[in-house]
2 protein chains.
Amino acid sequence: MSTQQGFERRYQAPEREPIIEVDERLFLKSAARSFYVLEAFARSPRPLSLAEVAKGAKISKSAAQRVVQTLLVLGYLERSPTGTGVVPGRRILDRSFDYLRSNPLIERATPILTELRKTCGERVDLSLFDDVTILYAIRLQSKRETFYATLSGRRMPTFATAGGRAMLACLDDRHADDILRRSKLAPLTPKTIVDPALIRQRIEEARRDGYAYVQEEALMGEIVVAAAVVKERNMPAGAIHIAGSLADWSVEDFRKRFAPLAIEAARALSG
Amino acid sequence: MSTQQGFERRYQAPEREPIIEVDERLFLKSAARSFYVLEAFARSPRPLSLAEVAKGAKISKSAAQRVVQTLLVLGYLERSPTGTGVVPGRRILDRSFDYLRSNPLIERATPILTELRKTCGERVDLSLFDDVTILYAIRLQSKRETFYATLSGRRMPTFATAGGRAMLACLDDRHADDILRRSKLAPLTPKTIVDPALIRQRIEEARRDGYAYVQEEALMGEIVVAAAVVKERNMPAGAIHIAGSLADWSVEDFRKRFAPLAIEAARALSG
DNA sequence: ACGGTTGTATCGATCATCAATACTCATGCA
DNA sequence: TGCATGAGTATTGATGATCGATACAACCGT
């Protein structure tokens, strides 16, 4: 089950902590089922019929029926406006609001990011470390950017993003290597670096310089510098990204100009 | 139970549709419990102990224990970094990403909003209609703005926001009145209009002008114009807001300048 | 050492949930 | 018109996952 793999990941020790022992008997299968249903939309972001829900969540049609009814009542699913099928519900946004509001890092980061964006005039993001992926939590756009590429909640592979590399640079080699080994090193663009040795070299540079950068590794035409926000024991919590366009900047100018700002902002949030 | 009231609301016919009959027997109580736990953080956005979770979700401590364990495994809760208690988990953001991505309105709105923000230089928001509240889905900040006031997922009362009034103006009087009647007409600032007759007058104006505006009714110093995005049968789906500061603009200048832009953007998204 | 928290673990009874199946209602095709 | 398909809905009794009480452990400040 792919979903199972999904949270076996979570047992891994992303912070070198003891593996979480979860007593099977304390795990509520029926509760989990609801989330499997919601997660089905991650794979197919469109209205799903009952049968598709059942298939996507790997549950019986009967179970899907009841879960869907329940989630409709609660507002976490809505009937598709097209008449057939269901889609994720607005109520989900309330929960993400709670998440953002509960997270002290994000609360502290918001004014700093806004200031930073004002100073830079470029896109500014806060990403959170989450093992082999990073998760964008706050995104302040600048110019025209495409689609949902800039939605918060988006995940990107740690190895191929500036923020991810900046965070890997905070970890010891063993842990960073562990993440690289478990990462699917698939290129996102023709310029994505997928050779572990080269990635390690970039991480080493980031460790030396205090920031990381990528050129067109996640999106063509884009350059990003990023600095890690660390908590105690130098564990990475997140990263500040500043992203610009190669149409506007040379790589060297961009790095020279924005890297210090990213580092400063990240430092203000660290500790 | 306040939570119960929460979704009895959803039985109401926000779109004049037949009341949803929900067979009690199809409602999964144990599934709902998990969401009650997550919803507890809406009331107290801070780490909650097991006992607090139990109290907040109105379930027994044992049930809370099992739900919490389950949600920890799934990533929808995380142990608080402070050591004690749990907080909402990063995985929630994945679901909000799915929501945003599944919603065609939001997908279509993103480039238009970005363009609009570039043109205006002021804050631009997309809100969604949800009965007595509106829900901010996309927020493109401009200047320095405070705190989480500008997070997406935030809800505001329909009656006191420009977008809310623009959407009420799309409804027939009976329905709009129904919403006003069920709204808690509590002032958000000293300048919030809470007199239903006055609100109706403003709605009437909005109907005439094709947009609504509020001055300092939600936040002192702020002026907002908004136009409704409608779907078929003129039902409001959401609204485009443009928000500026009274420090920068006179009310009249702001309206004259930005109302047409909001209307145009809303029209482009409607239908 | 204490009373107060935390979070964790165990247990058998019971009632909510299970899967299977049959139903109604649209829609599409011939 | 009629049949086939896939949509969502409804009903059932058996079963076993989940219930709540309670006990335990680990920590805190006094």
Side-chain angles (χ1 to χ4, degrees), chain A residues 1 4 10-11 17-37 40-41 44 46-74 76-87 89, chain B residues 1 4 11 17-37 40-41 44 46-74 76-89:
Chain A
M1 268 206 243
Q4 289 287 346
R10 300 200 59 76
Y11 296 147
E17 281 165 349
I19 289 172
I20 302 170
E21 282 297 332
V22 176
D23 191 329
E24 294 277 324
R25 286 167 296 182
L26 286 179
F27 187 83
L28 301 182
K29 299 179 191 176
S30 57
R33 252 185 286 265
S34 308
F35 293 96
Y36 299 157
V37 167
F41 292 92
S44 16
R46 58 192 171 74
L48 297 184
S49 75
L50 213 45
E52 289 171 318
V53 166
K55 196 172 163 197
K58 298 195 169 68
I59 59 180
S60 72
K61 192 190 166 193
S62 309
Q65 176 189 182
R66 290 188 303 273
V67 171
V68 165
Q69 288 291 348
T70 304
L71 295 181
L72 282 172
V73 171
L74 296 176
Y76 294 99
L77 286 179
E78 296 175 13
R79 287 181 199 289
S80 164
T82 65
T84 184
V86 292
V87 293
Chain B
M1 263 204 244
Q4 290 287 346
Y11 296 147
E17 280 165 347
I19 289 172
I20 301 170
E21 283 297 331
V22 176
D23 191 330
E24 294 278 323
R25 285 167 296 182
L26 285 179
F27 187 83
L28 301 183
K29 300 179 190 177
S30 58
R33 251 185 286 266
S34 308
F35 292 95
Y36 298 157
V37 166
F41 292 92
S44 18
R46 57 191 172 76
L48 297 184
S49 74
L50 212 47
E52 290 171 317
V53 166
K55 197 172 162 195
K58 298 195 169 66
I59 59 179
S60 73
K61 191 190 164 192
S62 306
Q65 176 190 182
R66 289 188 300 272
V67 171
V68 164
Q69 288 290 348
T70 304
L71 294 181
L72 281 171
V73 171
L74 296 176
Y76 294 99
L77 286 179
E78 294 175 12
R79 289 183 197 287
S80 165
T82 66
T84 183
V86 292
V87 293

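Not measured: the values here are computed from a predicted model. Computed over heavy atoms, backbone and side chain alike; hydrogens, waters and symmetry mates excluded.
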What distance do [X] atom [atom1] and [Y] atom [atom2] have between them, rounded to the nearest 0.5 Å?
{"X": "A:Q69", "Y": "A:L71", "atom1": "CD", "atom2": "CG", "answer": "10.0 Å"}
{"X": "B:K29", "Y": "A:S30", "atom1": "NZ", "atom2": "OG", "answer": "13.0 Å"}
{"X": "A:L74", "Y": "B:Y36", "atom1": "CG", "atom2": "OH", "answer": "5.5 Å"}

Figure out the [atom1]/[atom2] separation between [X] and [N], and round it to whole Å.
{"X": "A:K55", "N": "D:dA7", "atom1": "NZ", "atom2": "C1'", "answer": "16 Å"}
{"X": "A:L50", "N": "C:dA22", "atom1": "CG", "atom2": "P", "answer": "18 Å"}
{"X": "B:L28", "N": "D:dA17", "atom1": "CG", "atom2": "C1'", "answer": "13 Å"}
{"X": "A:F27", "N": "D:dA17", "atom1": "CZ", "atom2": "P", "answer": "13 Å"}
{"X": "A:K29", "N": "D:dT15", "atom1": "NZ", "atom2": "C1'", "answer": "13 Å"}

Are the side chain of A:T70 and the backbone N or O of B:L28 linked by a donor-acceptor pair below 3.5 Å?
yes
Tell me whether A:E52 contacts the main-chain N or O of A:S49 through its side chain, where contact means a donor paired with an acceptor under 3.5 Å.
yes
Dot-bracket for DNA chain C, 5' to 3', counting Watson-Crick or G-U wobble pairs under 3.5 Å, with [ ] for crossing pairs and | for inter-strand pairs?
|..||.||||||||||||||||||||||||
With sequence neighbours excluded, residues passing ring pair (Phe, Tyr, Trp, His ring centres under 6.0 Å) with B:Y76:
A:F35
Which residue, A:S30 or A:E52, contacts DNA chain D at a nucleotide closer to its 5' end, judged by nearest heavy atom?
A:E52
Between the protein and nucleotides 20-23 of chain D, are there any N/O to N/O pairs under 3.5 Å, and if so, what are the atom names and distances?
residue, atom, partner, partner atom, Å
D:dG20, OP2, B:S60, OG, 3.0
D:dG20, N7, B:S62, OG, 3.3
D:dG20, N7, B:R66, NH1, 3.3
D:dA21, N7, B:S62, OG, 2.9
D:dA21, N6, B:S62, OG, 3.3

Picking from C:dC18, D:dT9, C:dT6, which would you name as closest to the side chain of A:Q69?
D:dT9
Please find the pair of heavy atoms, one from A:V53 and one from A:A64, that lie closest to each other, and give the distance.
CG1-CB, 4.0 Å
Side chains of B:I59 and B:V37 in contact at under 4.5 Å (non-hydrogen atoms)
yes
